[in-house]
Amino acid sequence: MCRSLLEAGAMPQKIFVVQRFAGAFPNDLPIEVVSPRAMEQASELSSAPGVVGIFCAPPKKDFRFEGRFTLALDAIQNPGNLGTIVRTADWFGIDQLLCSPDCADLYAPKTLQATMGAIAHVAARYEPLEAALDALPSGFPIMALDMHGEPLGSFRPPAQGIILVGSEGRGLSPTLRQRATATIAIPPIGTPAVDSLNAAIAAAIVLAHLRQ
């Protein structure tokens, strides 16, 4: 993660390393060698990574929706899921996320860990999604992921748009579904034991279809 952040141009305030990683970073960076015990105390992981970096949060950027896809996340409250969605978005060239105010904290340790450094390339903005959608130009594509939508295989992707992803527990709120110009479903094959997909998995499947 630290290397990904550095490659993306983020500047660290401090990078703490255990001795074996002392030469892993350029000498002009603010590196401090610490004991394995100190690293264990600083890390929230069961197995300390050997490197812990302190970086400033990236500056806020102006979002532009025309000519690109944007993920809009409704109540994704699991930090691991949110971090995985950020990582997935980066993989498919999505560089901005809209998050409802009740989404997990993007900068929580578990969220950051799940991004695997993709946080350096994907900007996020927390705001009521209804207001964000209402501010879009009339007819702008808004695609909602919902079990009762059009099968993904027959859906013709637009060249731009908002992709609404809800939580596994409740799905999208009715007010967001009402604003969708299209509703997309990922139909199951056979008789699966579960009644829904993980939100990050669903987002990955849809993005693979839209970006092919």
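For clarity, every value in this text was computed on a predicted model and none was experimentally measured.
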When rounded to the nearest 0.5 angstrom, what is the spacing between CD1 in Ile162 and CG in Leu71? 9.0 Å
By side chain to side chain donor-acceptor pair (under 3.5 Å), which residues pair with Ser100, not counting sequence neighbours? Asp102
Only distances under 3.5 Å count here; give the side-chain donor-acceptor pairs of residues 25-36 to other protein atoms, sequence neighbours excluded, each with its distance to 0.1 Å.
from	atom 1	to	atom 2	distance (Å)
Ser35	OG	Ala38	N	3.1

Distance from Met1 atom CE to Phe55 atom CZ, nearest 0.5 Å? 8.5 Å
The salt bridge (Lys or Arg N to Asp or Glu O under 4.0 Å) partners of Arg68 (sequence neighbours excluded) come to Asp95
So how far is it from Arg64 CZ to Asp62 CG, rounded to the nearest 0.5 Å? 11.0 Å
Say whether Leu73 and Phe63 are linked into one hydrophobic cluster, either directly or through other cluster members, by side-chain heavy-atom distances under 4.5 angstrom. no
Give the table of side-chain donor-acceptor pairs shorter than 3.5 Å for residues 120-137, with sequence neighbours excluded, one pair per line with atom names and distance.
from	atom 1	to	atom 2	distance (Å)
His121	ND1	Asp90	OD2	3.3
Arg125	NE	Glu127	OE2	2.4
Arg125	NH2	Glu127	OE2	2.8
Tyr126	OH	Ala104	O	2.5
Tyr126	OH	Leu106	N	2.9
Glu130	OE2	Thr175	OG1	2.7
Asp134	OD1	Arg179	NE	2.9
Asp134	OD2	Arg179	NH2	3.1

Taken in chain and number order and not counting sequence neighbours, the residues that satisfy side chain to side chain donor-acceptor pair (under 3.5 Å) with Thr70 are Gln96
What about Leu164 and Leu207, same hydrophobic cluster or not, with Ile/Leu/Val/Met/Phe/Trp/Tyr joined at side-chain heavy-atom distances under 4.5 Å? no
Nearest heavy-atom pair of Pro12 and Ala10: which atoms, and what distance? CD-O, 3.8 Å
If you measure from OG on Ser4 to CD1 on Ile119, what distance do you get to the nearest 0.5 Å? 11.5 Å
Evaluation steps, side chain to side chain contact (heavy atoms under 4.5 Å, CB included), between Ile15 and Val52: CA-CA 6 Å; Ile15 297 178; Val52 170; over 6 Å; no
Spatial distance of atom CG (Asp105) from atom NZ (Lys110) [nearest 0.5 Å]: 13.0 Å
Closest non-hydrogen atom pair between Phe92 and Ala208, with its separation: CE2-CA, 3.6 Å
Nearest-0.5 Å distance that lies between atom CZ in Arg177 and atom CG in Leu172: 6.5 Å
Do Leu98 and Phe65 have side chains that get closer than 4.5 Å, going by heavy atoms? yes
Holding to side-chain contact (heavy atoms from CB on, under 4.5 Å), I want the full list of residues that pass it with Gln13, two or more places apart in sequence or in another chain. Ile54, Cys56
Please lay out, stage by stage, how Val165 and Val206 fare under the test side chain to side chain contact (heavy atoms under 4.5 Å, CB included). CA-CA 10 Å; Val165 182; Val206 170; over 6 Å; no
Taking all heavy atoms of Leu97 and all of Ala89, pick out the closest pair and write down the distance. CD2-CB, 4.3 Å
Honestly curious: do Leu112 and Met39 fall in one hydrophobic cluster under the side-chain, below-4.5 Å linking rule? yes
List the atom pairs, with distances to 0.1 Å, where a side-chain N or O of residues 74-81 and a protein N or O form a donor-acceptor pair under 3.5 Å, not counting sequence neighbours.
from	atom 1	to	atom 2	distance (Å)
Asp74	OD1	Arg170	NH2	3.2
Asp74	OD2	Ser173	N	3.1
Asn78	OD1	Gly80	N	2.8
Asn78	OD1	Asn81	N	3.0
Asn81	OD1	Asn198	ND2	3.0
Asn81	ND2	Glu168	OE2	3.0

Does any pair with a residue in residues 200-212 pass salt bridge (Lys or Arg N to Asp or Glu O under 4.0 Å), and if so which ones, sequence neighbours excluded? none
Cluster link Trp91 to Met116, ILVMFWY, side chain under 4.5 Å: no
Under 3.5 Å, side-chain donor or acceptor atoms of residues 138-151 against the rest of the protein: list the pairs with distances, not counting sequence neighbours.
from	atom 1	to	atom 2	distance (Å)
Asp146	OD1	His148	N	2.9
Glu150	OE2	Ser154	OG	3.3

